[in-house]
**Q** 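Attaching a single structure in structure tokens format; questions to follow.
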Amino acid sequence: MKKLQSLRVRLILAYAGLIVLGFGGLALIAGQQISNAARDDYELQLSNEVILVGRGVAQSIREYEKGDISEDELYEIVADYESQTEASIGLYFVGVVTDQNPSDRDRQHNGQKWHLPQDLEVYEEFVAASHNTIIVVQRNNDEGESTIYTAAPIVDGLRLIGYVHLSEPASQLQRALYKRWSALGLGVLAITGVALLASVWLSTSLIRPLGKLRDSALRLSQGDLAHRITDYGTNEFGEVAKAFNQMADRVKAMIEEQRAFASNTSHELRTPLTTMRLRTEALRYDDSMTDTDREQYIVEIDEELIRLSGLVEDLILLSRFDAGRAERGQEWIDLARFAHSLYQAFSIQAAEKDITLQVEVQIEQPEAIEASLNHLTILCRNLLENAIKYTPAGGRVVWRVGTRDGQALFTVQDTGPGIAPEHLPHLFERFYRADKARSRSIQGTGLGLALAKSIVEAYNGRIEINSPGVGQGTTVTAYWPMPHAPLEITSQG
């Protein structure tokens, strides 16, 4: 039963069934046509033979009537015809029938029947011969054997001498048909055998790549993430193998990313927790602390709690976007008002670091986008916070808000330290830091750009980072699709 469930066995059985049914049906149709053609050829041959025998016998009868040959010689001639045709020949004389009337002769050539004795009128072949028509009939003889008969008139000019009658056992026709059926059957068997061998080879060639794919999948499931399918062709299985290798690459990358994410997350969570634990232990057990130190520790604990809370909120939001559970907002947000509102919130933070923050709203008429105000705020907040954090005192940050080709553009350009080209492809990875030694002194969760990318892509947008190089600043641009907004904007930023 398990063998029948094998795909290879099922393919072979399916191919074999189709081949047998197809060739069998074609063989039956072809065999029927061959049988009909063979019977027609046999009847035509027999008809020609009886005509030739009739003409030859007429010449011999004329010689017999002149006395040139005896009766025994006449029947010897008939016996020679029997040996040549392999048929039994009978002669039926009807007497001398003459007609010298030209009009009667014309009627004879136009289908006037010859004289036929009454005792022969019961046989179809004699009736047809009396009308100058040769037919072949099959019926049982006196012994009950199936026999084939035909007859032809023996004519000397316009004189009917009699009729010649040929008979052969139907078994001769059956033997001829059997030979043709045998040749056809052998041919069909040979072709079927070749087709079956081809089907076995084809099924094996189809199953072999599946076996390799199964083994590779098992090795991948057992943790061998480095395994790849190397032996594949250019057909559909080759495409499947390439897709499998791409999937394996993605699985490996995802697992490595998850491992790095878990490691970085645990580290980022451990740092504030360790700081808070040290501060709380000092507050509980260090009696020598002054009131000023206690207040400072409480402030530091509060800052770490704020940092930890922000990290947890970012992780929760990221997980929702990864799982596809974050709902897209349906609020209509005026771009100009949103930009000016968020600018007010960050201008104080930039001023504290002696950084010039400039907003440029490049919109000629009111424009709105459909989004969640919270999502849009998180996106622009993360971009602005990164620019302000990494831009040194005396630097400049420009935030441009505009539209182009049916998209809203949020561009943040700073005069910070810039980014080396080798780091650009990795900036959207979670917890990735281009300068790990320096970045520890800068507060942040390391999830800002990853979260910004998830938000933008959830709304079918995109985000890109460009930097000419180290020391030449950075430009981040987010492209947000803009469906047609209603005339009246119901929600403002």
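Computation of the quantities below employed the complete heavy-atom set of this structure, encompassing side-chain atoms and omitting hydrogens, waters and symmetry-equivalent molecules.
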**Q** Can you tell me how far the CG atom of Leu74 sits from the CG atom of Asp68, to the nearest 0.5 Å?
**A**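 Between Leu74 CG and Asp68 CG, I get 12.0 Å after rounding to 0.5 Å.
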**Q** What's the verdict on ring-ring contact (aromatic ring centres under 6.0 Å, His included) for Tyr92 and Phe126, showing C-alpha distance, side-chain angles and the deciding distance?
**A** CA-CA 10 Å; Tyr92 296 84; Phe126 283 105; 5.2 Å; yes
**Q** For the backbone of Leu44 and the side chain of Asn48, can you confirm whether one donor and one acceptor N or O come within less than 3.5 Å of each other?
**A**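 It does hold such a pair.
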**Q** Can you give me the closest heavy-atom contact between Val53 and Val164, atom names plus distance?
**A**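 The answer is CG1-CG2, 3.6 Å.
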**Q** Are the side chain of Thr133 and the backbone of Ala129 linked by a donor-acceptor contact shorter than 3.5 Å?
**A**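 Flag not set: sc Thr133 to bb Ala129 has no pair under 3.5 Å.
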**Q** Taking atom types as modelled and ignoring hydrogens, do the side chains of Glu370 and Tyr459 form a donor-acceptor contact shorter than 3.5 angstrom?
**A**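 Result is no, nothing qualifies.
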**Q** Just how far is it from atom CZ of Phe338 to atom SG of Cys380, taken to the nearest 0.5 Å?
**A**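 The distance works out to 4.0 Å.
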**Q** Determine whether the aromatic ring centres of residues His165 and Tyr123 are separated by less than 6.0 angstrom.
**A**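 Tyr123 vs His165: aromatic centres not under 6.0 Å.
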**Q** Could you grab the distance from atom CG of Asn460 to atom CD of Glu457, nearest 0.5 Å is fine?
**A**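 Interatomic distance, Asn460 CG to Glu457 CD, rounded to 0.5 Å: 9.5 Å.
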**Q** Pair Arg228, Asp249 - check salt bridge (Lys or Arg N to Asp or Glu O under 4.0 Å), show working.
**A** CA-CA 9 Å; Arg228 298 292 183 271; Asp249 290 337; 2.6 Å; yes
**Q** Where is the tightest heavy-atom contact between Ile135 and Glu124, given as atom of each residue plus distance?
**A**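 Nearest heavy atoms, Ile135 then Glu124: CD1-O, 3.6 Å.
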**Q** State, without any angle test, whether His227 and Ser216 hold a side-chain donor-acceptor pair at a distance under 3.5 Å.
**A**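 Yes - a donor-acceptor pair under 3.5 Å links their side chains.
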**Q** Determine whether more than 12 heavy atoms belonging to other residues, nucleotides or ligands lie under 6.0 Å from atom CZ of Phe428.
**A**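 Yes, because the 6.0 Å sphere around CZ of Phe428 holds more than 12 heavy atoms from other groups.
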**Q** Counting only heavy atoms from other residues, nucleotides and ligands, does the tally under 6.0 Å from CZ of Arg328 exceed 12?
**A**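 Yes - once you tally the heavy atoms of other residues, nucleotides and ligands closer than 6.0 Å, there are more than 12.
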**Q** About how many Å separate CD1 of Ile369 and CG of Leu335, when rounded to the nearest 0.5 Å?
**A**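 The CG atom of Leu335 sits 5.0 Å away from the CD1 atom of Ile369.
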**Q** Find out whether the Lys NZ or Arg CZ of Arg400 is both under 6.0 angstrom from the six-membered ring centre of Phe410 and within 45° of the ring's axis.
**A**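 Verdict for Phe410: no cation-pi partner in Arg400.
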**Q** Just checking, any donor-acceptor pair under 3.5 angstrom between side chains of Gln222 and Arg219?
**A**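 On atom types as modelled, these side chains do not qualify, holding no pair under 3.5 Å.
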**Q** Starting at CD of Glu327, measure out to OG of Ser372 and round the result to the nearest 0.5 Å.
**A**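 Going from the CD atom of Glu327 to the OG atom of Ser372 covers 10.0 Å.
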**Q** Could you check Glu125 against Arg139 for salt bridge (Lys or Arg N to Asp or Glu O under 4.0 Å), going step by step and ending with a plain yes or no?
**A** CA-CA 11 Å; Glu125 66 271 21; Arg139 62 176 178 270; 2.6 Å; yes
**Q** Would you please test Arg159 and Glu65 for salt bridge (Lys or Arg N to Asp or Glu O under 4.0 Å) and show each step?
**A** CA-CA 13 Å; Arg159 184 169 67 94; Glu65 291 176 343; 3.2 Å; yes
**Q** Under the 3.5 angstrom rule, does the side chain of Glu82 hit a backbone N or O of Ile89 as a donor-acceptor pair?
**A**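 Checking the backbone N and O of Ile89 against the side chain of Glu82, a donor-acceptor pair under 3.5 Å is found.
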**Q** Do Gln138 and Thr147 have side-chain N/O donor and acceptor atoms under 3.5 Å apart?
**A**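 Short answer, no.
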